[in-house]
K.L.:
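I'd like to ask some things about the structure below.
Protein chains get the first letters and strands the later ones, always in sequence-line order, with residue 1 at the start of each.
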Amino acid sequence: MSLFAVLKLGVLASVLFCLVVLTVMLLQTFTFGRRPTYAHPQGSSFAGIVYAFGLGMLPWEKESAAQHIWTYAGGILYHAGILMAMLFLATVLLRISLPATLLQAVRILLIIGVVSGVALLIKRILQPHMRFLSGGDDYLANVLVDLLLLLALTATFTETMLVPFPVIAIITFIYIPFGKLRHCVFYFYTRVLFGVFFGRRGVLPHPSKKA
Amino acid sequence: MASDKDPKDPYLERIRQLKPGQLESALASFKRLLDHKTVANLQSCVNCGLCADSCHYFLVTGETEAIPAYKLKLVTSVFRKLLSLLGGLARGSEGDGALDSQMVEKWIDSLYGRCTLCGRCTLNCTMGINITRLIRIARTTLASIDLVPPGLQSTVTTAVEKGNNMGIPREEWLDTLQWLSEELQMEVGDHKAHLPVDKPGTKLLYTVNPREPKFFPLSLLATAKIFYAASESWTVSSDYYDVTNYGLYSGDDGAAGLLSSRLRESMVELGAKTLILGECGHGYNSNRWEAPEWLVAEDKFQVKSIIQIIFDYIRQGHIKLDPSRIQKRVTLHDPCNLVRLGGIIEEQRFILRNAVTDFVEMSPNREKNYCCGGGGGQLSMTRYAKRRLETGRIKADQIRKTGAKIVVTPCHNCIDQLSELNREYDLKVEIKTVSEVVADALVIEKKEK
Ligand code: SF4
Ligand code: SF4
C-alpha cells in the first residue's frame, strides 16, 4: 500500500472516530434526561432559533461582538480558513486538482485563517484575563488548528507537504472530541437551545413592534 | 472568601467543616439537576472570553473571579471531573474539579457573591450558553446542603413560614388595605372605592411585593387607583399575596415551588381568571416562567404582569392620562428578570410615552440593559453589600448620562437598589414604579351612580 493510500485511510479513520465519539457525546447528553417545558410560550421557539443562527450572529445585535469587533472578525475568518482547509483536504485526498484561480482563493483564505488564528492566540497570551481563563486545551487546540491551516497552505505550493498536511489533519480529528474543538458540533446544539429559550419567552427576536 | 474574611464567621466555618457525606450529597443533587440541555451547555464553552465585558461585576472590579466564563468553569470543572469520561483535558485556573470545601468556597464567592443572575452573559455568549441557568443549578446544589448565604436564606425562610418575605402579620395587611381603601375614597371622591380582599370570582387576582404594604403603601394605592379608573374586577388575597420568590435566587427549588404554589392555590380558592404579578422583576420570572417548571405543571390560567394590564388599559382607552402633569425628564430602568429573562420589553415604554412629556432611554436598554446590581438576592446578602454598591456604578453612570430627574422601574427590588445608588452616587433623582407615574398622570372621571 502506498504512503498516500495509508494517509487517506488514516484521515478517513480519524474522521470516523471523531464523528462516532461526537455522536456518543451528543447522545450522552440525552442520558441525563429530557425535561418538558410547562410554562406557556409568549413568543416562538422557531423564530428564536432562526434569530440565533441569523440576525443574532451579527455584531450590531450582540454587544460582545460589537465591542470586540476585531476578535469577532478574527473568529469568523479563522473559521472560514478552517472550512477551506477541510475542503482542500478533501480535494487532496480525492486527487482533484484545482484551477489556478481557485487555488489562489484557497491560499488567500488559508493565509487569512492562519493570521487570524495566530492573532487570537497572541491575544490569549497577552491579555491577563484571557491568560487566567485559559487552560492547556485552549492553547493546544489553537496551535493544532493553526498548524493545520499552515500545512494546508504549504501543501497548496508543494507536493512535498502533501504528507504532513494529512498527518496533522488526522491528529486534529482525533483530538476534536476531547477538547473545546468539540464545539464544531455543540455550537449548533447550544445555539438552538439559546434560540428556544429566548424565543419562547418573547425576548428574541426583538419584539419592538409589539406595542 | 465567602465573606468579609471574618475568621469567626459561622457561615464560613460551616463551609470549612463540610463532611465528606455532605459533599457527596451535594454532588448527588448536582447530578439530579442535570438534563440534556444543561449537559450540552456544560460541554460548549470555547473560552473565548467575550462574555467578560457583559458582566457588571467584571466591568467595575476587573476581578477575574467575576468573569462569567470563570463562573461557568467552576461548574463545568465539577461536571467534567465527575461525570464525563473525557474529563481532565480542559482544566484551568478553576482547580481540578473536585467538589471539596475549597471548591464550595469558590462557588459561594463567585456564584452567590458575584452574580445577580441577570442573564446578560447568556445573551452575549458566543455559543449561546445559558450561563445564568448553570450558575443557578450550582446555587441549587449548595442549597441542598443548607449553604445558602444567611441573609438570603432567612428571606426565603420568612416567606415560607410567615407567608410573605417581610413576615407581615395578616391583621397588619388587612389594616393596611383598610386605610388604603379610605385613602382611595378620598383621592377619587367615591365612598364606594376600595381595595377588595378575598372577593370571589374576579377577573384579576393581584399580588404585591410585601415592601409595598410595609414601607411604601402609596405604591399599592397607585395601582388601586388605576384599577379604580379602569373599573377593573380585581381582588387581593388575605393570605398569599407576596409576588416575590427568593427561592429563585437561593436556588432552593422546593421553597420556590411552595411559594409559587400558594399564589396558585389562592387563584383556585378565589376563582379568579388571571394571576396578576405586581411590579417585581424576579417575581415575574419566578411566577410566570419558572413556577410551572418547579411545580411540573402547566398553569390553567393566564399569568400576567401588571405592566401588561396597564398597557392594555391605555391602548384600549380604559384609562386616560395627562402627560403634561409630568414635565420632568423621565428615564426607564429595565429589570433583568422582567425584560431580558421575562419578555416584557415594549409595554412599559408605551406606557411612559403616554404618561410623561419627556421620556428618554438609557443606553444600552431593553434586553441589553445593565443590571442595577440588586438582583440575584444581593439585596438580602449583606456580606456582599460593598460589592453590590460598587458594581452599581454602571447603572449610576447610565442614569446620570440621561439627565433624567425621575427614574422609573417596574420592580420594587430594583427600586431598593436604585435608591441606595441614588444616595451613594449622589444622583439626585426620584425613583418610582410605573404605577406611581401612571397614577400621577391619571385623569379620574366621575363614575356614574
Ligand atoms: S462567551 Fe461563552 S463561549 Fe465564550 S468564554 Fe464566555 S461562556 Fe465561554
Ligand atoms: S448572570 Fe449577570 S451577574 Fe451573573 S455572571 Fe452573568 S452577567 Fe454577571
Side-chain angles (χ1 to χ4, degrees), chain A residues 21 25-26 28-40 42-43 52 56 62-65 67-68 71-72 75 120 124 127-130 132-138 141 177-180 182-183 186-187 189-195 197-198 201-204 206-211, chain B residues 34-41 43-54 58 62 64 67 69-70 73 86 89-93 122-130 288-293 295-299 302 311 315 339-343 345-347 349-350 364 366-368:
Chain A
V21 179
M25 289 179 85
L26 282 176
Q28 192 191 27
T29 65
F30 288 97
T31 64
F32 289 89
R34 298 178 63 147
R35 293 201 179 106
T37 311
Y38 295 98
H40 299 145
Q42 176 170 296
K62 203 155 68 174
E63 183 192 278
S64 54
Q67 286 182 350
H68 301 272
T71 304
Y72 171 82
L120 291 172
R124 188 174 288 283
Q127 291 193 345
H129 80 275
M130 289 301 291
F132 171 81
L133 280 181
S134 303
D137 173 45
D138 296 301
F178 298 101
K180 69 177 193 178
R182 70 171 83 89
H183 77 269
F186 277 92
Y187 170 78
Y189 200 159
T190 46
R191 285 307 278 179
V192 166
L193 294 175
F194 171 92
F197 180 82
F198 285 112
R201 289 191 178 209
V203 177
L204 298 172
H206 296 260
S208 49
K209 302 285 178 294
K210 206 164 65 180
Chain B
L34 302 174
D35 68 357
H36 78 101
K37 294 181 197 169
T38 47
V39 171
N41 277 303
Q43 297 277 37
S44 297
C45 179
V46 291
N47 257 338
C48 66
L50 288 185
C51 51
D53 292 342
S54 59
F58 180 69
T64 41
I67 301 172
Y70 170 76
K73 259 158 121 30
L86 309 165
L89 284 165
R91 280 183 208 166
S93 45
T122 297
L123 193 75
N124 279 291
C125 171
T126 310
M127 305 293 291
I129 299 168
N130 197 332
R288 168 65 178 87
W289 292 109
E290 302 297 343
E293 316 311 327
L295 300 171
V296 198
E298 276 186 32
D299 283 324
Q302 279 197 311
F311 166 74
R315 212 172 43 157
V339 179
R340 181 162 41 245
L341 299 171
I345 303 174
E346 295 302 323
E347 289 84 344
R349 301 183 147 73
F350 175 87
R366 295 179 168 83
E367 80 280 0
K368 295 191 174 87

K.L.:
How close do B/Lys368 and B/Arg340 get, counting heavy atoms only, and between which atoms?
P.N.:
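So the minimum-distance heavy-atom pair works out to C-NH1, 3.7 Å.
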
K.L.:
Between B/Ala297 and chain A, which part of the residue has a heavy atom less than 4.5 Å away: side chain, backbone, both or neither?
P.N.:
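The backbone, not the side chain.
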
K.L.:
In terms of heavy-atom proximity below 4.5 Å to chain A, should B/Thr38 be classed as side chain, backbone, both, or neither?
P.N.:
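Neither part, no heavy atoms under 4.5 Å.
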
K.L.:
What part of A/Thr37 gets closer than 4.5 Å to chain B, counting heavy atoms only: side chain, backbone, both or neither?
P.N.:
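For A/Thr37, heavy atoms of backbone and side chain both lie under 4.5 Å from chain B.
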
K.L.:
Is B/Asp299 in contact with chain A via its backbone, its side chain, both, or neither, using a 4.5 Å heavy-atom distance?
P.N.:
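For B/Asp299, backbone and side chain are both near chain A.
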
K.L.:
So, do A/Glu63 and B/Pro364 sit near enough that their side-chain heavy atoms are less than 4.5 Å apart?
P.N.:
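Yes, close enough: below the 4.5 Å cut-off.
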
K.L.:
Going from NE2 on A/His129 to OG1 on B/Thr64, what distance comes out if it is rounded to the nearest 0.5 angstrom?
P.N.:
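Interatomic distance, A/His129 NE2 to B/Thr64 OG1, rounded to 0.5 Å: 10.0 Å.
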
K.L.:
Which atoms of B/Val339 are under 4.5 Å from chain A, going by heavy atoms: the side chain, the backbone, both sets, or neither?
P.N.:
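Backbone of B/Val339 only, per the 4.5 Å heavy-atom cut-off to chain A.
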
K.L.:
Heavy-atom distances under 4.5 Å only: say whether B/Leu341 touches chain A with side chain, backbone, both or neither.
P.N.:
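For B/Leu341, heavy atoms of backbone and side chain both lie under 4.5 Å from chain A.
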
K.L.:
Please rank B/Ala40, B/Ser54, B/Gly49 by heavy-atom pairs under 4.5 Å with chain A and give me the top one.
P.N.:
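Answer, by heavy-atom pair count under 4.5 Å with chain A: B/Ala40.
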
K.L.:
For chain B, which candidate among A/Asp138, A/Thr31, A/Thr190 shows the most heavy-atom pairs at distances under 4.5 Å?
P.N.:
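Heavy-atom pairs under 4.5 Å are most numerous for A/Thr190.
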
K.L.:
Against chain A, label B/Arg349 side chain, backbone, both or neither, depending on which of its atoms sit under 4.5 Å from a heavy atom there.
P.N.:
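Contact with chain A is absent: no heavy atom of B/Arg349 under 4.5 Å.
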
K.L.:
Looking at B/Glu290 and A/Arg201, is there a salt bridge between them, counting it only when a charged N and a carboxylate O are closer than 4.0 Å?
P.N.:
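Looking at B/Glu290 together with A/Arg201, the answer is yes, because their closest N to O distance falls below 4.0 Å.
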
K.L.:
Flag the pair B/Leu50 / A/Tyr72 as yes when at least one side-chain heavy-atom distance between them is below 4.5 Å, and no otherwise.
P.N.:
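Contact flag for B/Leu50/A/Tyr72 side chains = no.
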
K.L.:
So which part of A/Tyr187 gets closer than 4.5 Å to some heavy atom of chain B, the side chain, the backbone, both or neither?
P.N.:
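Both backbone and side chain.
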
K.L.:
Given that the side chain runs from C-beta out, which part of A/Phe198 has a heavy atom under 4.5 Å from chain B: side chain, backbone, both or neither?
P.N.:
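The side chain, not the backbone.
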
K.L.:
Below 4.5 Å, heavy atoms only, C-beta onward: do B/Thr122 and B/Ile129 meet side chain to side chain?
P.N.:
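Side chain of B/Thr122 against side chain of B/Ile129, heavy atoms only: no contact under 4.5 Å found.
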
K.L.:
Parallel under 30°, tilted from 30 to 60°, perpendicular over 60°: which one fits the rings of A/Phe30 and A/Tyr189?
P.N.:
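Aromatic pair A/Phe30/A/Tyr189 classed parallel.
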
K.L.:
Of all of A/Gln127, A/Arg34, A/Gln67, which one pairs up most often with chain B through heavy atoms under 4.5 Å apart?
P.N.:
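Ranked by heavy-atom pairs under 4.5 Å with chain B, first place is A/Arg34.
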
K.L.:
Report yes or no: does A/Gln42 contribute a side-chain atom to a donor-acceptor pair with the main-chain N or O of B/Gly343 at less than 3.5 Å?
P.N.:
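Indeed, once roles are kept as given, a pair shorter than 3.5 Å links the two residues.
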
K.L.:
With chain A, which of B/Leu123, B/Leu295, B/Asn130 has the greatest number of heavy-atom pairs at distances under 4.5 Å?
P.N.:
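So the answer, after comparing B/Leu123, B/Leu295, B/Asn130, is B/Leu123.
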
K.L.:
Please confirm whether the backbone N or O of A/Phe186 pairs with a side-chain atom of B/Gln43, one donor and one acceptor, at under 3.5 Å?
P.N.:
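Not a single qualifying donor-acceptor pair exists.
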
